[in-house]
Number of protein chains: 2
Amino acid sequence: MKNKVTISDVAREANVSSQTVSRVINRKGEISDETRRLVLEVIQRLGYRPSSIARGLATNRTFTIGLVVPDIANPFFPEIARGIEDFAWERGYGVILCNTVEDPAREEAAIKSLEDKRVDGIIICSARLAQPTLCDLLQPHRAAVLINRTVPSQLAGVVRVDDAYGAGLAVNHLLAHHRREIGFIAGPASSQSGVLRAEGAQKAMAEAGLAIDSLRKTECKPTHAGGLAAARELIAGHPEINALLCYNDLVAIGALQACREMNLSVPQDVAIVGCDDTLLAGLVQPALTTVSVPKYEIGAAAAGMLFSRIAGEAGRDEIVYKPELIVRQSTPGCQ
Amino acid sequence: MKNKVTISDVAREANVSSQTVSRVINRKGEISDETRRLVLEVIQRLGYRPSSIARGLATNRTFTIGLVVPDIANPFFPEIARGIEDFAWERGYGVILCNTVEDPAREEAAIKSLEDKRVDGIIICSARLAQPTLCDLLQPHRAAVLINRTVPSQLAGVVRVDDAYGAGLAVNHLLAHHRREIGFIAGPASSQSGVLRAEGAQKAMAEAGLAIDSLRKTECKPTHAGGLAAARELIAGHPEINALLCYNDLVAIGALQACREMNLSVPQDVAIVGCDDTLLAGLVQPALTTVSVPKYEIGAAAAGMLFSRIAGEAGRDEIVYKPELIVRQSTPGCQ
DNA sequence: TTGAAAGCGTTACCAC
DNA sequence: GTGGTAACGCTTTCAA
């Protein structure tokens with residue numbers, strides 16, 4: 001790598017001041033056509049590319065945002081990331097990606113490291129940190145948006161799915177098909193979505209006049225393996241269970257596998273409902289009934305909200321998407 | 001967001017020079033325990049966080065690398081990204097993610113924008129740009145590593161899968177089960193992996209004494225929809241086909257669906273082989289025979305190689321992984 | 001062991 | 001229209 005061409009190299013070569021070059025680059029101020037052409041020609045010839053770093057120092061803007069996700073390998077997040085990245089790209093912004101791997105310490109360190117990098121704003125998906133810690137970490141950021149997690153709107157905008165409503169849809173669907181012995185595999189205890197879904201599910205049960213504890217709850221990692229282990233345990237402890245409501249599709253697929261191992265047929269013996277409607281859901285056998293969520297749109301909306309906040313514009317500071325139940329073969333009532 | 005605390009704020013508050021503060025932060029030079037403790041205390045109290053931007057300008061190092069992928073929503077890439085991000089994170093590096101969405105112009109712009117951001121190095125997955133363009137774009141970067149694409153080692157290190165070998169494995173498996181009318185759904189024409197797999201497949205055919213053109217080739221987008229369309233067309237044009245070798249698992253799943261539509265049973269009528277062994281492969285019905293590739297390891301290896309290059313260390317400049325054939329239900333010979 | 005000054009590459013502000 | 005100078009927040013180099 002040869003040494004980078006700087007703005008003064010261009011200025012010298014073009015016999016103008018670096019101010020003039022800067023003006024040409026940034027299309028600011030009046031410049032004679034002739035000078036502009038000359039400068040552009042020199043820029044071209046020297047292959048000059050302005051340093052975002054120097055610019056960032058001078059302007060206090062980096063045109064970079066941070067994205068924090070639990071795990072980009074979890075199929076829920078790549079589409080959200082695409083929605084964010086596409087939106088950001090169109091506006092000349094770059095995206096720094098951080099995985100927390102469900103580790104609160106890493107989540108905290110990631111948010112701080114993004115602060116060090118002076119990103120213009122951050123988007124955090126499914127934050128797992130405790131509320132006070134999260135708020136403290138948000139504070140120093142110029143702008144922030146959370147996905148599926150709530151904080152005071154002064155600290156961050158929120159884009160979320162109405163998880164309680166979605167869980168209600170799923171429970172009502174199961175109850176309509178006479179599945180009353182419902183097990184709930186809730187995912188990580190630190191997931192706000194998991195908590196809200198539990199509440200929504202219990203509310204739906206109560207409205208149907210059923211005792212709340214007829215819904216059995218277990219926690220697990222939000223992975224295939226987590227779902228497998230949790231389903232085994234739940235069914236072993238409650239053999240009467242005839243339906244499982246799962247934290248996400250991955251967990252549901254684990255549950256599917258547990259049922260297969262235990263010779264329980266799905267949906268005849270046990271109905272299974274997933275969440276997120278990832279690509280997987282339509283492809284497994286039996287295809288998964290799932291609570292569908294517009295992932296790409298959520299990402300794009302979060303990015304849009306973040307840019308409003310960066311720009312200091314007043315705008316909505318909460319967007320809530322209503323999920324939809326996609327009925328497939330893993331529950332009764334498909335065809 | 002209140003104004004950031006700077007190094008001189010700390011210096012003033014601690015009654016030392018900013019040099020001293022800098023030394024404490026960077027653990028450089030000798031400093032009396034007393035001063036160090038004092039400075040650390042003030043840093044803590046003021047909540048000072050050094051600006052990576054200013055640091056980057058002064059040191060010409062940003063502790064950031066760029067990652068360019070065709071599409072993070074394609075399940076092949078998230079695991080690679082995890083491998084890279086984990087490795088980078090441990091060394092204090094951040095990762096800027098760029099999606100090219102299979103658009104060469106965006107790929108080019110992404111590589112340039114990473115140059116502007118003065119990343120310390122870049123990793124490009126499955127670059128689709130023409131060779132001369134790619135080389136020109138690589139040139140200005142301090143360090144670069146390509147995944148599944150080859151350039152002169154002076155320009156970039158290479159981590160790749162032996163695609164030709166993998167395709168050979170698949171073809172031999174099919175031939176061993178008397179499938180000689182093989183169709184090949186090759187993915188994007190600009191994919192070097194696709195080209196190499198075609199060569200490997202044809203070589204395997206030739207070694208079995210079969211005419212090379214008994215392998216019919218079609219291109220497609222590397223998606224579920226792309227595979228569906230390509231398989232429909234290929235089978236319609238060549239009804240004698242009894243096996244399909246697919247660019248990746250997504251394409252193979254599209255092909256699976258095409259067969260279902262055409263009332264062809266898999267694997268009895270048509271055997272299907274995918275590639276990459278993504279999560280999907282084991283979960284669809286019938287489960288997919290696929291050429292398996294160590295995605296996370298590839299990512300980690302690429303990151304490792306990149307850091308060697310950034311550090312200017314001599315090291316391997318090509319790592320080749322041998323893929324493995326995972327036989328499942330979509331081809332004969334499973335149980 | 002500590003400090004002063006220069007420099008990194010840009011933009012902002014004020015002259016001309 | 002254009003240029004000079006300071007400033008952004010840090011590290012590096014040289015002196016003390």
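Every chain is numbered from 1, with letters handed out A, B, ... down the list of sequences.
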### Task
Rounded to 10°, tell me the angle between the two end axes of the helix from C:dT1-D:dA16 to C:dC16-D:dG1, each built from five pairs.
40°
### Task
Please report, rounded to the nearest Å, how far the C1' atom of C:dC8 is from the CG atom of A:D9.
13 Å
### Query
Once each nucleotide of nucleotides 8-16 of chain D is scored for protein heavy atoms under 4.0 Å, what B/S/- sequence comes out, 5' to 3'?
BBBBB----
### Query
Is it true that A:E85 and B:R106 make a salt bridge, defined as a side-chain N closer than 4.0 Å to a carboxylate O?
yes
### Message
Test: salt bridge (Lys or Arg N to Asp or Glu O under 4.0 Å). Region: residues 43-54 of chain A. Which pairs qualify, not counting sequence neighbours?
### Response
A:E13-A:R45, A:E41-A:R45, A:R49-B:D116
#### Entry: Any residue meeting salt bridge (Lys or Arg N to Asp or Glu O under 4.0 Å) with B:R36, in chain and number order, not counting sequence neighbours
B:D33
### Message
Less than 3.5 Å apart, any donor N or O on the side chain of B:S153 or B:E318 sitting next to an acceptor on the other?
### Response
no
#### Entry: Set of salt bridge (Lys or Arg N to Asp or Glu O under 4.0 Å) partners for B:D136, sequence neighbours left out
none
### Task
List in chain and number order the residues that pass ring-ring contact (aromatic ring centres under 6.0 Å, His included) with B:Y93, two or more places apart in sequence or in another chain; answer none if no residue qualifies.
B:F63, B:F307
### Query
Contact class for A:S52 vs. all strands (heavy atom < 4.0 Å): base, sugar-phosphate, or nothing?
nothing
### Distance, rounded to the nearest Å, where A:R61 contributes CZ and C:dA12 contributes P
11 Å
### Query
Atom CZ of A:F63 and atom C1' of C:dT10: how far apart are they, to the nearest Å?
13 Å
### Query
In whole angstroms, how far is the P atom of D:dT2 from the CG atom of A:D33?
10 Å
### Message
In the structure I gave you, are the side-chain heavy atoms of A:C125 and A:L67 within less than 4.5 Å of one another anywhere?
### Response
yes
